[in-house]
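Sequence positions, counted from 1, serve as the residue numbers for this chain. Computed from heavy atoms alone, side chains included, the values below leave out hydrogens, waters and symmetry copies.
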Amino acid sequence: MHQLTPPREEQRLLRTVPFEGDAALLAEIVELRARNHQLGRALASRAVIDQARGMLMALAPCSSERAWDLLVDVSQHCNIKLRDVAAALVATTRDRMLPEPIQRELRRALRRLHAADRR
């Protein structure tokens with residue numbers, strides 16, 4: 001995977017390009033590298049999120065969609081990015097403690113899930 005070009009370097013490159021067509025090509029390369037970097041991060045996050053969903057499906061038990069909703073719920077109530085909530089949950093498999101705010105909100109979300117299922 002290509003390294004991202006630092007923003008200042010991108011600006012310098014865009015200013016020193018001799019031909020307009022070269023500038024457009026360089027701008028496209030910069031944009032594609034940024035998009036490639038974002039996609040790489042999304043793929044890495046997705047694997048952790050899917051692992052956390054599987055853990056919740058076994059813990060709750062619930063469907064994949066419900067597990068997703070639980071993660072979203074915890075993320076929103078803790079004001080922590082979903083990928084970070086998922087990473088914290090997966091880290092518990094490596095003897096890490098789940099941070100207290102996430103523990104608290106996960107308990108609440110599970111109670112709401114089970115209460116909804118009883119109706």
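For the salt bridge (Lys or Arg N to Asp or Glu O under 4.0 Å) condition, the pairs that include at least one residue of residues 96-113, sequence neighbours left out, are D73-R112, E100-R104, E105-R108.
In this structure, L82 and S75 approach most closely via the heavy-atom pair N-OG, 3.2 Å. Looking at every heavy atom in both residues, T93 comes nearest to V90 through OG1-O, 2.6 Å. Nearest approach of P101 to C78, heavy atoms of both residues: O-SG, 3.3 Å.
Linking ILVMFWY residues whenever their side-chain heavy atoms come closer than 4.5 Å, directly or via other members, places L59 and M55 in the same cluster. In terms of hydrophobic clustering, with Ile, Leu, Val, Met, Phe, Trp and Tyr side chains grouped at heavy-atom distances under 4.5 Å, L113 and L98 are assigned to a common cluster. At a threshold of 4.5 Å between side-chain heavy atoms, the hydrophobic network of Ile, Leu, Val, Met, Phe, Trp and Tyr places V72 and V74 in one connected group. No path of Ile, Leu, Val, Met, Phe, Trp and Tyr side chains, each step under 4.5 Å between heavy atoms, connects M57 with W68, placing them in separate hydrophobic clusters.
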I'd like a table of donor-acceptor pairs (distance under 3.5 Å, sequence neighbours excluded) in which one partner is a side-chain atom from residues 42-51, with atom names and distances.
unit_1, atom_1, unit_2, atom_2, d
S45, OG, R41, O, 3.1
R46, NE, D50, OD1, 3.4

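One finds the CG atom of D69 at 8.5 Å from the CZ atom of R53 (value rounded to the nearest 0.5 Å). To the nearest 0.5 Å, atoms CG (L56) and OG (S64) are separated by 10.0 Å.
Around the CG atom of D117, the shell of radius 6.0 Å holds more than 12 heavy atoms that belong to other residues, nucleotides or ligands.
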